[in-house]
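Working notes, structure below.
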Amino acid sequence: MKPEIKLYGAERCHKSQYYKRYLEDLNLDYKFLDVELSEDNAEELRNLYENRKLNFPTITIGEKKLRNPLDKDLKKWIEKLLCN
């Protein structure tokens, strides 16, 4: 079973929009979790970080957490975790 991809962000955030397009361009299924519209999503994101800050955009691929990754790093982890 492939790991789930989650994108924690906000609709108003240009970087969140960038990652949405990036994942869609690769035809990947992912969940967009708006941390400004949902306290549950915000809490889920806070639980990923020891400092409990809303560090977005954050992408998780299964257990792997990527905060505002460079394209090359995101591509590397997508290939490593989804293409095996």
Side-chain angles (χ1 to χ4, degrees):
M1 190 170 129
K2 297 235 182 260
E4 182 178 39
I5 300 173
K6 294 181 181 179
L7 169 56
Y8 298 88
E11 280 297 334
R12 65 168 180 82
C13 171
H14 73 280
K15 287 296 280 186
S16 296
Q17 295 302 319
Y18 174 82
Y19 291 123
K20 283 172 80 170
R21 282 191 303 277
Y22 187 94
L23 295 169
E24 287 164 6
D25 286 347
L26 293 175
N27 292 320
L28 293 172
D29 290 328
Y30 70 96
K31 282 187 185 170
F32 178 67
L33 302 164
D34 194 309
V35 298
E36 293 184 330
L37 298 179
S38 167
E39 187 53 43
D40 288 344
N41 292 344
E43 188 62 20
E44 195 174 318
L45 178 57
R46 282 188 195 100
N47 288 334
L48 293 177
Y49 292 96
E50 279 189 34
N51 64 13
R52 300 209 21 93
K53 291 197 172 167
L54 285 178
N55 293 323
F56 67 87
T58 292
I59 298 170
T60 59
I61 306 170
E63 298 295 311
K64 181 66 183 170
K65 175 179 64 183
L66 302 161
R67 167 126 196 273
N68 202 9
L70 297 172
D71 286 2
K72 68 180 180 66
D73 294 328
L74 180 54
K75 184 176 189 294
K76 175 183 84 173
W77 284 105
I78 286 170
E79 288 173 354
K80 181 177 178 123
L81 297 172
L82 298 178
C83 300
N84 47 7

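Hydrogens, waters and symmetry mates play no part in the numbers below; they use all other heavy atoms, side chains included. A quick note: this is a predicted structure, and the numbers were derived from the prediction, not measured.
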- Task: In sequence, state the C-alpha distance, the side-chain angles, and the governing distance for K80 and K75, and then conclude on side-chain contact (heavy atoms from CB on, under 4.5 Å).
- Result: CA-CA 8 Å; K80 181 177 178 123; K75 184 176 189 294; over 6 Å; no

Under a 4.5 Å cut-off applied to non-hydrogen side-chain atoms, are [X] and [Y] in contact?
X: K20; Y: K15; result: no
X: L81; Y: I5; result: no
X: L7; Y: Y22; result: no

Side-chain ([X]) to main-chain ([Y]) donor-acceptor, under 3.5 angstrom:
X: S16; Y: A10; answer: yes
X: D73; Y: P69; answer: no
X: K6; Y: T60; answer: no

- Message: Regarding N68 and Y19, do their side chains bring together a donor and an acceptor under 3.5 Å, going by distance alone?
- Response: yes

- Message: Is a donor from one side chain sitting under 3.5 angstrom from an acceptor on the other, for Y49 and T58?
- Response: yes

- At their closest point, which heavy atom of Y8 faces which heavy atom of F56, and how far apart are they? O-CB, 3.5 Å

- Message: Ignoring hydrogens, what is the shortest heavy-atom contact between P57 and C13? Give both atom names and the distance.
- Response: CD-SG, 4.3 Å

Please table the atom pairs, donor to acceptor, closer than 3.5 Å between any side-chain atom in residues 31-39 and protein atoms at least two apart or in another chain.
from: K31; atom 1: NZ; to: E4; atom 2: OE2; distance (Å): 3.0
from: D34; atom 1: OD1; to: E36; atom 2: N; distance (Å): 2.8
from: D34; atom 1: OD1; to: L37; atom 2: N; distance (Å): 3.1
from: D34; atom 1: OD2; to: E11; atom 2: N; distance (Å): 3.1
from: E36; atom 1: OE1; to: R12; atom 2: NE; distance (Å): 3.0
from: E36; atom 1: OE2; to: R12; atom 2: NE; distance (Å): 2.9
from: E36; atom 1: OE2; to: R12; atom 2: NH2; distance (Å): 2.7
from: S38; atom 1: OG; to: D40; atom 2: N; distance (Å): 3.3
from: S38; atom 1: OG; to: N41; atom 2: N; distance (Å): 3.1
from: E39; atom 1: OE2; to: R46; atom 2: NH1; distance (Å): 2.9

Give, for atom [atom1] of [X] and atom [atom2] of [Y], the distance between the pair rounded to the nearest 0.5 Å.
X: L74; Y: K64; atom1: CG; atom2: NZ; value: 11.5 Å
X: L48; Y: K53; atom1: CG; atom2: NZ; value: 15.5 Å
X: E79; Y: L26; atom1: CD; atom2: CG; value: 9.0 Å

- From CA spacing to verdict: side-chain contact (heavy atoms from CB on, under 4.5 Å), W77, I59: CA-CA 11 Å; W77 284 105; I59 298 170; over 6 Å; no

- Message: Does D29, at its CG atom, have more than 12 non-hydrogen atoms belonging to other residues, nucleotides or ligands within less than 6.0 Å?
- Response: no

- Working for side-chain contact (heavy atoms from CB on, under 4.5 Å), residues Y18 and D71: CA-CA 10 Å; Y18 174 82; D71 286 2; 2.5 Å; yes

